[in-house]
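Sequence lines set the chain letters: A, B, ... in the order given, protein chains first and strands last, and positions in each chain run from 1. Values in this document were obtained by computation on a predicted structure and should not be read as measured data.
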There are 2 protein chains.
Amino acid sequence: MAPKVSPLAPAAFPDLPVIGGVRFASAAAGVRYRGRDDVMLAVLDPGTVMAGVFTRSATRSAAVLDCQDKIGGDGDQGAAIVVNSGNANTFTGRLGREAVEGVTTAVAGALALPQARVFTSSTGVIGEPMPWERITAQLGHLMAGLDAGGIAGAARAIMTTDTFPKGATATVTVAGREVRIAGIAKGSGMIAPDMATMLVYIFTDARITRAALQALVTEAAGRTFNCITVDSDTSTSDTVLVAATGASGADVTGDAGFAAALEGVMRDLALQVVRDGEGATKLIEVQVEGAGDDADARRVALSIANSPLVKTAVAGEDANWGRVVMAVGKSGARADRDLLAIRFGDIWLARDGQRVADYSEDAASAYMKGQELVIGVDLGLGTGRAVVWTCDLTHGYIDINADYRS
Amino acid sequence: MAPKVSPLAPAAFPDLPVIGGVRFASAAAGVRYRGRDDVMLAVLDPGTVMAGVFTRSATRSAAVLDCQDKIGGDGDQGAAIVVNSGNANTFTGRLGREAVEGVTTAVAGALALPQARVFTSSTGVIGEPMPWERITAQLGHLMAGLDAGGIAGAARAIMTTDTFPKGATATVTVAGREVRIAGIAKGSGMIAPDMATMLVYIFTDARITRAALQALVTEAAGRTFNCITVDSDTSTSDTVLVAATGASGADVTGDAGFAAALEGVMRDLALQVVRDGEGATKLIEVQVEGAGDDADARRVALSIANSPLVKTAVAGEDANWGRVVMAVGKSGARADRDLLAIRFGDIWLARDGQRVADYSEDAASAYMKGQELVIGVDLGLGTGRAVVWTCDLTHGYIDINADYRS
């Protein structure tokens, strides 16, 4: 089955700027897929600072554990990121560790880098030993192909069930100098906080300390990548790496404009993952306010966003707000039924624990025909708020997942 | 769309014995459905003891709140249970409370019972005001139709998206006397702990104190109704009521045989709800052992049972045990990847954190073609264990739920 491109996909892959200090290459190693690139390499110049956030799954992969060990390291020797699709190298025991060791050793050798500066990720099937020598066999080819303009090819090489490559960019001026940010992502199913089967690589020519970059990335991930869910299933491999090369010469430490631009790129990529949610036909933004605190708001928002009954109702363009009531009730958050208010877009359906007097099924149904929908809940208790993004649950999801491996 | 009967349905509705001290009637009140019974009345003789467990949803219905208020009351005046399908009378504010008041007042009046001994439940669409006068308009008809043998009709009257009526029975001998138990249930979607959109009514002619009966029911619900999930969506209306009329003359307080028989009936009804899970084609028993404690085992079991990716894999008869690894990892329970073992039925797929050496995809795939499957996980950490039941996630679920209200 050739997957059609998601109806929610952006019109085109964005025109990503060259980021000084980073070059890309991709290759067809045949890890699992045939006839397409499945490995990407990013090489970062000396002076690059790296930050990252990772899945908190108890069964996370050898590559994630390795990245977590390395990400806190300082040093200005440069760095490399090597990523394959087709095999997640997860739950592969000793062989999994050997694969990470094999790949990172080979890349470090080829680039004359310390192994501690080589980061690797793998995405695809879980539990099958990874034929990692197929990746290292492509190293010469990858080295020869390194190109400052190669980021779009890298975005395609890391795709699995994705129906479109994902990229986002921003440019800000800091102290009179242009600072560029360009990022790529993959992810489509097994998407839930924390982190989703989602791999994200963001590059910037900003100059910034490692600690400051890590703080920015951690905080922004809490409002972006950790606020999306496709199917409530959290992956073993989720990884976000952000590399700042410093090539622009502009120090962005403490610059609010840079922080906002970086978070904007992260949100853009996160939403592209939801837009490529397996089988998705609708993008849903769940806005919760009036909760006892932000944590309760998030609990309610995720309960709604993960509810199969809410998601199938949206798929059927059914303004079934009763299922939103149910999802609020089951969330575990503090809620008072008689204070609850619910809206779809700007159409209020219920207030004070019951249907509004001028309820119009026609208006609500017409709204549900849109492709981008807002489900709003006001708990009427306090000032806690949260926003979470998800997609609908359709026959397409079943089609894709009832026979993914075969 | 006329729903076909679930392929997992029992061959026939069981032959339920008459329980001394209880009579049933059902009627077509036209609350929402046309051309079928949608109200059932059960009338219990003086001396009856009642126990119950209820949803913990924060948005639970007026009827549930009313039952919870009343269930602790003692008294031997007799009792009544009146249940309608088609409208859940949930999130209906003041009107919802008025509906409960209206129905229980009318039934109490007709039966010369205190209102505190009239229990009501409603199941169906959420958020629409309930035309409760249609129910009370049928009271004369219901009173005239009361019949000790009417339990099968009652089981049919409470169905919503159910594809078959659900009943179970057991008989035990206590102190030389036969004690009978007969129960009915409805439930098919919005099924998750705590309690599911599930209504269960169990009748026995045992003699027992209220406190002893409540203790038995609470404990057994923890191992039966609170261990099933169809879609992780917890209902606002879940109710289990157990009535002991004492008509057998046999005092079962402290009798282990009765406790086991009651739990057996509860488990049977719980599994019938899963067998009627919306769109279900496979019954899945998730067995977790070796957890740090029972609570962690339950967390892992529910994480597996609620995972859309696990459930779609089962639907596709795909032995995708990697998704089980994922679900263990995301559960939040303590787990050590390198101690984890996974089996489907008796076929071990993974041990010590990796695929077993003699892994046979053919054997695993052949097993997945069965209709009743076991997913077993050994965490290798301690003695905690749990069993949870669920079903697969199919196109049928989407069909049913993408357009339920219309």
Open item on the list: In the structure I gave you, are the side-chain heavy atoms of B:Q354 and A:T92 within less than 4.5 Å of one another anywhere?
Closed with: no
Task: Side chain, backbone, both or neither of A:R351 within contact of chain B (heavy atoms, under 4.5 Å) - done: neither
TODO: Please report the closest heavy-atom contact between A:G127 and B:R355, naming both atoms and the distance.
DONE: O-CD, 3.8 Å
Task: Under 4.5 Å from any heavy atom of chain B - which part of A:L339 - done: neither
TODO: With rounding to the nearest 0.5 Å, note down the distance linking OH in B:Y359 to CD in A:E128.
DONE: 7.5 Å
TODO: Nearest 0.5 Å please: distance from the CG atom of B:L393 over to the CG atom of A:L393.
DONE: 6.0 Å
- [ ] Tell me, for A:T394 versus chain B, whether the close heavy atoms (under 4.5 Å) come from the side chain, the backbone, both or neither.
- [x] backbone
Task: Charged N-O contact under 4.0 Å between B:D352 and A:R94 - done: no
Task: Under 4.5 Å from any heavy atom of chain A - which part of B:L379 - done: neither
Task: Residue A:L340 versus chain B: region with a heavy atom under 4.5 Å - done: both
Open item on the list: Under a 4.5 Å cutoff for heavy-atom pairs, which residue among A:G353, A:A333, A:G93 has the most contacts with chain B?
Closed with: A:G353
Task: Residue pair A:L309 / B:E278: nearest heavy atoms and the distance that separates them - done: CD2-OE1, 4.4 Å
- [ ] Please step through side-chain contact (heavy atoms from CB on, under 4.5 Å) for the pair B:F91 and A:R337, ending with a clear verdict.
- [x] CA-CA 7 Å; B:F91 211 68; A:R337 191 191 52 176; 3.8 Å; yes
Task: Euclidean distance, B:R323 CZ relative to A:I126 CD1, rounded to 0.5 Å - done: 8.5 Å
Task: Side-chain heavy-atom pair B:T90, A:M326 within 4.5 angstrom cut-off - done: no
